[in-house]
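Comments concern the structure below.
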Protein chains: 2
Amino acid sequence: MSLRGKVITLHDVAVRAGVSRMTVSKVLRGAGNISADTRRRVKQAADELGYLPNNLAGSLSSRKSRMVAVIIPSISDIVFSEVLSGINATLRPRGFQTFIGESLFEPETETELIRAMLSFRPAGILLNGGMARSVDAEGLLARRNCPAIQLWDCDRRALDFSAGPSHEEAGRLVANHFLERGLRRIAYVGAELDKDLCARRRYLALKSSLAAAGIDLLSVTCEDRPRQAATGRFLTEQLVRTHPEINAIHFLNDAMALGGLSYLYEAGLPVPGRVSVVGFNGTSLANAVRTRLTTIDVPRTVIGEKAAQALLHIIAEEPVPDSWQAPLELVQGNTTVTA
Amino acid sequence: MSLRGKVITLHDVAVRAGVSRMTVSKVLRGAGNISADTRRRVKQAADELGYLPNNLAGSLSSRKSRMVAVIIPSISDIVFSEVLSGINATLRPRGFQTFIGESLFEPETETELIRAMLSFRPAGILLNGGMARSVDAEGLLARRNCPAIQLWDCDRRALDFSAGPSHEEAGRLVANHFLERGLRRIAYVGAELDKDLCARRRYLALKSSLAAAGIDLLSVTCEDRPRQAATGRFLTEQLVRTHPEINAIHFLNDAMALGGLSYLYEAGLPVPGRVSVVGFNGTSLANAVRTRLTTIDVPRTVIGEKAAQALLHIIAEEPVPDSWQAPLELVQGNTTVTA
DNA sequence: TTAGCCGATGTTATCGATAACAACTCGGCT
DNA sequence: AGCCGAGTTGTTATCGATAACATCGGCTAA
């Protein structure tokens, strides 16, 4: 704490403006009835002194806060950053500031973040559904004193509100897409399914939908590599080497699918002639040029907006439903044939 | 604030454990001399009640905190997320929690974030250098009461410590790379240079290095599109249409370079035969497969680590230098010819 | 025996704000 | 004149913790 000079408090502003601390507090919060003249003097004094309110004291006293905690698994994953931008777009104009924590899909890290965030008594907390949650974290959330909202998962309702897609529906959509095109030698490529339970749910839905059609889904996954392009490429190479008969692949997300595609191109396996590919998320759609990946588009920004709106309603003590299910759209690209 | 039952405070734990509040406080912080028996009783009581310390009160009273504020321009930009992971890797084991804010390169948003973060009296604040900063933000930082560290910019020393590359050096490196290969019809492609002052500095260094060699740099930029692949592609198309003579392009970052490359391939312009391409950051190196972009690799994670280490030193009141300059390496790929 | 010290625990004041209510001014009305 | 109420400002208690110091047995050393 390199203190540079004296810390300015309400008291200093009050002395300078020639009023009481309470009056300063009211002016700066815009509360109560204060004469225009006093308001001006107080504001000027605060400006001149460079007064910065101490939120620790303010929130402690009022038992209110305009801070919203958001805990996401990975800030580098475009999916979550777009959800976040929807959240920010909704909350900032209402005077709330979001503080973000990154859990890296680690339950212990998530638990520590929840503890750290809740101990600042935020106005609300938004966290990602569909990841393993520690017993401690469950306990913290059970005794929370602010609204809590689940993001990215609508299958498993939890907390005060859930906003996200049905991952089971996503798995079924992919299954139907393959089946409609007569593809029967199907593989799934993913990573970190022990951590990303939403992805796991998509996988299981795909598997069981195919099983219902008498098809056995081959899965190639690993738990110790990130859910990214390089991993998609690596696993695809393994898959093609060991199971050359495969003619359709569903990837955990678009990033992995693009990595897989790069290998397929290089290996001279025509897409979709020889192998059909489907991703998930729709993050690739923005930059799609030569390769337009067939994928399931998820309205990422809207999910953030809906979650934030629900939070605002709960704070305002207005009734809200228990969830919002994000619509999914299977977008036909050129990595699978048109039906 | 959906309060669920009573909020548990130190008082409740104290009553349950049959000791005073102070004793509970000491036990839970691991401070002072408390008998093993008392410690056990207090911990058990806290567990049973599900006690969660109120950081607002604690930090207010002790004037200390283990929260570190990090404000980055964009959480979706891999560059910053890797810097952040270096920060987290260093701070978390030391018991600090980072709270992240996203400024979107907007000075007003950054100002509000600085205000919001500082009003919680963090143990330190890390912010991105090289973006336009409002007068208000400068004022807030000037009167801050915690160490402040600048990330990603080492040319313009500021705050208590700066960790980042010299963007001027980067510009010169690219200029030399082109000159050594006899390339003289050179263009720069970038976006949002009014916001991203580091990129602007690289651009200016490139421009003046080339000018010194008698070469006029052509620049194709736009201020209202993001610094991403799609923009790189769009601008490259414009560039090629209007200036077909160009035979070397430096892009603001790797993402834009990859976008540009996708257009060059499609347009049938061989790389590097017809056009040489250089990026910046090194983010593409991880996933590089067919196309290995020539780029300047920046040790992104290390920058975060150095910044965090400096913060820890300052907090411990140990002396630190005023900056750490990140080494830059121009990595030869296959988008420029080998010298 | 008794001063002195140590480990263990409690007491009091304080951190910097806000809630709730008290008090005061002033003009208008009866 | 005296009362009322709107508008304005101040007083007191409180939020939930920690710092600093006080207290209190018991045990050691002179």
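All values derive from a computational prediction rather than experimental measurement. The sequence lines fix the lettering, A, B, ..., with proteins before strands; numbering per chain opens at 1.
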Exercise for the section: Give a yes/no on whether any side-chain N or O of A:Tyr51 is located under 4.0 angstrom from OP1 or OP2 of C:dA17. Expected result: yes

Fill in the blank from the handout: Taking C:dT9, C:dA17, D:dT8 as options, the one with an atom nearest any side-chain atom of A:Asn33 is D:dT8

Practice task
Sorted by first residue and then second, give each salt bridge (Lys or Arg N to Asp or Glu O under 4.0 Å) pair with at least one member in residues 303-316 of chain B; sequence neighbours left out.
Solution key: none

Handout entry: Contact under 4.0 Å: B:Ser59 side-chain N or O vs C:dC15 OP1/OP2
Key = no

Handout entry: Distance, rounded to the nearest Å, where A:Asn54 contributes CG and D:dG16 contributes P
Key = 16 Å

Fill in the blank from the handout: Taken to the nearest whole Å, CD1/A:Ile8 to P/C:dA17 is 10 Å

Exercise for the section: Mind checking the CZ-OG spacing from B:Arg41 to B:Ser35? Nearest 0.5 Å is all I need. Expected result: 7.0 Å

Exercise for the section: Please state how far atom CG in B:Leu60 lies from atom P in C:dA17, giving the value in whole angstrom units. Expected result: 9 Å

Problem - salt bridge (Lys or Arg N to Asp or Glu O under 4.0 Å) pairs, two or more places apart, involving residues 13-30 of chain B - result: B:Arg16-B:Glu48

Practice task
Could you check how far CG of A:Asp12 sits from P of C:dA17, rounded to whole Å?
Solution key: 9 Å

Handout entry: Gap between atom CG of A:Leu28 and atom OH of A:Tyr51 - 0.5 Å precision
Key = 6.5 Å

Fill in the blank from the handout: Numerically ordered, the residues 38-46 of chain A set in heavy-atom contact under 4.0 Å with DNA chain D is A:Thr38

Exercise for the section: Look at the side-chain N and O atoms of B:Ser20 and state whether any lies under 4.0 Å from the OP1 or OP2 oxygen of C:dG10. Expected result: yes

Exercise for the section: Please lay out, stage by stage, how A:Phe120 and A:Phe99 fare under the test ring pair (Phe, Tyr, Trp, His ring centres under 6.0 Å). Expected result: CA-CA 11 Å; A:Phe120 279 102; A:Phe99 286 11; 8.1 Å; no

Problem - Atom pair distance, as rounded to whole Å: CZ in B:Arg121 and C1' in D:dA17 - result: 17 Å

Exercise for the section: Would you mind telling me which of B:Val70, B:Ile72, B:Leu141, B:Leu151 makes a side chain to side chain contact (heavy atoms under 4.5 Å, CB included) with B:Leu127? Expected result: B:Leu141

Practice task
Please answer whether the main-chain N or O of B:Lys64 pairs with a side-chain N or O of B:Ser59 as donor and acceptor at a distance below 3.5 Å.
Solution key: yes

Exercise for the section: Sort and list the pairs that fulfil salt bridge (Lys or Arg N to Asp or Glu O under 4.0 Å) and have at least one residue in residues 75-95 of chain A, not counting sequence neighbours. Expected result: A:Asp77-A:Arg227, A:Glu82-A:Arg300

Practice task
Please determine if a side-chain N or O atom of A:Thr23 lies less than 4.0 Å away from the OP1 or OP2 oxygen of D:dG10.
Solution key: yes

Handout entry: Rounded distance (Å) that lies between atom C1' of C:dT14 and atom CZ of A:Arg21
Key = 12 Å

Polar-atom pairs under 3.5 Å, protein N or O versus N or O of nucleotides 19-22 of chain C: list them with distances, or write none.
unit_1 : atom_1 : unit_2  : atom_2 : d
C:dA19 : OP2    : A:Arg29 : NH1    : 2.7

Problem - Qualifying salt bridge (Lys or Arg N to Asp or Glu O under 4.0 Å) pairs with a residue from residues 145-155 of chain B, counting only residues at least two apart or across chains - result: B:Asp153-B:Arg201, B:Asp155-B:Arg201

Practice task
Quickly work out the A:Leu56 CG to D:dG16 C1' distance and round it to whole Å.
Solution key: 12 Å

Handout entry: Nearest-Å distance for atom pair CD1/C1', residues B:Ile34 and C:dT9
Key = 7 Å

